[in-house]
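We count residues from 1, following the sequence as given. Note that the structure is predicted; figures quoted are calculated from it, not measured. Note: hydrogens, waters and symmetry copies are ignored here, and every other heavy atom, side chains too, is used.
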Amino acid sequence: MMLKMKVLLSEKKKHVILFLWFGMILQLLLCACSEDTSLSIGSTCIVKLNTEDQRQLVIDNGIVLVTLSIPEGYILGISYNGIDNILESEDQEQDRGYFDVVWNEPGKLGMFQRIHGTQFSVITADENLVEVSFLRSWTPSMSGTNVPINIDIRYIFRSGDSGFYAYAIFDRPEGMPAVEVDQIRFVFKLNQNRFNYMAVSDIRQRTMPTMRDRQTGEALDYPEAVRLTKPINPQFRGEVDDKYQYSCENRYNTVHGWISFDANVGFWMITPSNEFRNGGPIKQDLTSHVGPITLSMFVSTHYAGKEVTMAFEEGETYKKVFGPVFIYLNSASSDDSKQSLWSDAVLQRSQEVQNWPYNFPRSQHFIPPNQRGTVFGRLLVQDWYILIFCFYHNVKFIFFCTNLISFCFARYFNGGRFQFTSAYVGLALPGDAGSWQRESKGYQFWTQADEKGYFKINNIVPGDYNLYAWVPGFIGDYKYNATITIIPGGVIQLNSLIYNPPRNGPTIWEIGIPDRLASEFYVPDPFPTLMNRLYTEPRRDKFRNYGLWERYKELYPNNDLVYTVGVDKDRDWFFAQVTRNIDNKTYAPTTWQIIFEHENDIIIGSYTLQLALASAADADLQVRFNDPSVYPPHFATGHIGGDNAIARHGIHGLHWLFSIDVPSNLLVKGKNIIYLRQSRAINQFQGVMYDYIRLERPPII
């Protein structure tokens, strides 16, 4: 028996050795860059650059092989895991993987331009790393046809990476003409026959329709939205496809892409930092969409409008690095490839974030880790009227007041300063409070404070900044009163910073939650013939469905929304004040009412209506008190907004705050009505989304 066990163990040992040898041989084969390629130390593949063809460049790191055009820098093909080309070979060579901008001369229409290099160069090339450059330099002869910026597109290939890095350097020396830039991005168009499953987040992923399905579908109110009427896969019949349904806030837009089930391969766009994107952490932008297409958006006017355009004056100089981003490819066994490929991409995202800022880009304009700075401190919120209201409102109930005050102190008060949680704190170019959400030229660096208000912002590019913050649960924007200058390797410790959110008196009533979103309000179900089934489950981003603006007329067929304070709840407030469709594509303004009782005598002085908007699209909001026809209105925003968040299925766009002075003679003891009229009504996409409304009584002291 013992001899038999030894023989079995010996046979098992031989099988293990054979298996290990087979694995080593397989690894060597996978790492072989070509038939004549040697291996570097550690059995990792060297990176090989082939420039024998004067019109094409081939870079192979043993895992991924990429073919680019010379000198343009178009990505013609990506070979991986036995697939000859991940990209769509049927597309023209300049339409597979490329870099583009949308720009215009001031006062003229925008134009789309693929950037193609005119000068190719190898920045560095050894067995561990290759970086190549495709430079397009602007000259006066290009006026009117090419964006007046020198643009250097770079690609980096490293040994052992299952993918490659891409970034772009923008440079405007003195003497260039004025220009406005609306969009900057990388684009990858994948093989249509292979990639049909898209993932944007843990819960936003699904099998997708095809481009052919869109081409045979029914066009809706704008070109991006199509109702699928003759899809190849019948499960999509009747659904709406729209690339804006897959948008994402910058802070969450870190990994997205496509999966090919027949090859069990994933293609992912990983963005390790938001520092080079425009508009701050909560700006929304595109990700991946039907094509199959994957984007890396650096700058856009999506969900913001021309207010975030990069506008350069004549002669204005500029330099900035966009990226690098990581184009990651992975593979899996046939068992549960969907989950394993996505989980692996998320893990790789975490690794890239941990490694940021990278130490391998060779551009002198990309600031390495040891040349960046740090700012840390603590931000506290001071909202004194929480306490003052305790005294004022309970002056006749001393015992109750004492307990209530004790609660206020215990919950909020610490040394005269109220603590808060979840504050967003960031650095951006100097400007007014809140200007960061409209800022597109410079770098931005953001973090979220801990539960005691402490924050630390790392890896800041040297330069001059203002420190900004906004706090969920409080209105307004904070700005530190001094310019912060970051020097290479510098560390700045700030004292405790105090934010006094806008407030002129105690709260009488409030509607909504001050979080810059309209998500707490009522979002209707989509029309059954205009839904995206990804968003039909309860509480799952229902606002991303198409056509919700048309539900308003159905819910309020004869009269506009009326909200009664103390009776109605947030869910009784429609998520967007849109125009009213009166048939034949004719639209009318809408007037909403807020009814409230002022039980006590009117206090002589000025009341305040704090009105925060989560979005505005070609709107003019007029506010009247107890007189719906008074002209001019007691307050009007004027013509504001171009974020188009209603049409593009966003629950917010740019944030607006109006502190409206309300003379006491406009109110009465008893029943009062505030009329909110959105007066512009040319189309169905005009309107506003509310974030928060609060009426304050006059100051007590």
Side-chain angles (χ1 to χ4, degrees), residues 27-34 36-51 57-68 70 73 75-81 83 86-87 97 99 120-134 152-169 186 188 254-255 257 265-273 276 294 296 321-331 344-371 459:
Q27 183 179 12
L28 292 173
L29 290 173
L30 289 174
C31 282
C33 295
S34 66
D36 60 351
T37 296
S38 60
L39 297 173
S40 61
I41 296 174
S43 295
T44 58
C45 179
I46 67 171
V47 185
K48 185 173 182 180
L49 182 150
N50 186 331
T51 58
L57 168 70
V58 179
I59 305 176
D60 187 349
N61 73 353
I63 302 174
V64 176
L65 184 149
V66 176
T67 304
L68 302 104
I70 299 176
I75 300 179
L76 309 179
I78 301 174
S79 298
Y80 172 74
N81 200 44
I83 301 177
I86 295 288
L87 304 180
F99 183 84
F120 163 69
S121 62
V122 178
I123 302 301
T124 188
D126 59 39
E127 63 181 17
N128 296 311
L129 184 145
V130 167
E131 181 168 339
V132 292
S133 163
F134 301 89
D152 188 0
I153 303 169
R154 300 281 187 99
Y155 297 103
I156 301 173
F157 299 81
R158 300 195 306 162
S159 172
D161 282 345
S162 187
F164 59 97
Y165 296 85
Y167 68 109
I169 305 162
F186 278 107
F188 293 88
T254 54
V255 56
V265 163
F267 179 95
W268 309 102
M269 179 60 66
I270 295 178
T271 305
S273 171
F276 39 75
T294 288
S296 175
V321 178
F322 295 94
V325 294
F326 187 42
I327 295 87
Y328 179 60
L329 296 100
N330 58 1
S331 59
D344 177 69
V346 171
L347 185 64
Q348 186 66 38
R349 181 270 314 273
S350 298
Q351 183 175 327
E352 299 300 322
V353 171
Q354 183 178 353
N355 292 338
W356 184 268
Y358 301 133
N359 60 9
F360 51 80
R362 294 297 190 260
S363 171
Q364 63 178 337
H365 306 302
F366 182 80
I367 308 302
N370 61 357
Q371 295 297 308
N459 302 316

Heavy-atom pair of closest approach, residues [X] and [Y]:
{"X": "Trp356", "Y": "Gly323", "value": "CH2-O, 3.7 Å"}
{"X": "Pro324", "Y": "Phe366", "value": "CD-CE1, 3.6 Å"}
{"X": "Asn330", "Y": "Ala345", "value": "ND2-N, 3.9 Å"}
{"X": "Val353", "Y": "Pro272", "value": "CG2-O, 3.7 Å"}
{"X": "Arg154", "Y": "Arg362", "value": "NH1-C, 4.4 Å"}
{"X": "Ile169", "Y": "Ser363", "value": "CD1-OG, 3.2 Å"}

Inset, instruction - Kindly say whether Leu329 contributes a backbone atom to a donor-acceptor pair with the side chain of Ser162 at under 3.5 angstrom? - result: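 At least one qualifying donor-acceptor pair exists.
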
Inset, instruction - State whether the side chain of Asn61 and the backbone N or O of Arg158 hold a donor-acceptor pair below 3.5 Å, judged by distance alone. - result: yes

Working to the nearest 0.5 angstrom, can you tell me the gap between [X] [atom1] and [Y] [atom2]?
{"X": "Phe267", "Y": "Thr294", "atom1": "CZ", "atom2": "OG1", "answer": "5.5 Å"}
{"X": "Asp126", "Y": "Leu49", "atom1": "CG", "atom2": "CG", "answer": "11.0 Å"}
{"X": "Phe326", "Y": "Met269", "atom1": "CZ", "atom2": "CE", "answer": "10.5 Å"}
{"X": "Tyr358", "Y": "Ser273", "atom1": "OH", "atom2": "OG", "answer": "9.0 Å"}
{"X": "Leu129", "Y": "Ile46", "atom1": "CG", "atom2": "CD1", "answer": "13.0 Å"}
{"X": "Tyr167", "Y": "Ser296", "atom1": "OH", "atom2": "OG", "answer": "14.5 Å"}

Inset, instruction - Apply salt bridge (Lys or Arg N to Asp or Glu O under 4.0 Å) to Arg349 and list each qualifying residue two or more places apart in sequence or on a separate chain. - result: none

Side chain proximity check, [X] to [Y], heavy atoms < 4.5 angstrom:
{"X": "Ile156", "Y": "Pro361", "result": "yes"}
{"X": "Val265", "Y": "Ile83", "result": "yes"}
{"X": "Ser159", "Y": "Asn128", "result": "yes"}
{"X": "Asp161", "Y": "Ile63", "result": "no"}
{"X": "Ile153", "Y": "Phe186", "result": "yes"}
{"X": "Lys48", "Y": "Ile59", "result": "no"}
{"X": "Gln348", "Y": "Trp268", "result": "no"}
{"X": "His365", "Y": "Asp152", "result": "no"}

Legend entry - Mutual orientation of the aromatic rings belonging to Tyr155 and Phe157 [parallel < 30°, tilted 30-60°, perpendicular > 60°]: tilted

Inset, instruction - Would you please name every residue forming a side chain to side chain donor-acceptor pair (under 3.5 Å) with Tyr165, sequence neighbours left out? - result: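 Side chain to side chain donor-acceptor pair (under 3.5 Å) check on Tyr165 returns Glu352.
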
Inset, instruction - Quickly, which of Val58, Leu57, Leu76 forms a side-chain contact (heavy atoms from CB on, under 4.5 Å) with Leu68? Name it, please. - result: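 The residue from Val58, Leu57, Leu76 that satisfies side-chain contact (heavy atoms from CB on, under 4.5 Å) with Leu68 turns out to be Leu57.
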
Inset, instruction - Would you check if the distance from the ring center of Phe276 to the ring center of Phe322 is below 6.0 Å? - result: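 No, ring centres 6.0 Å or more apart.
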
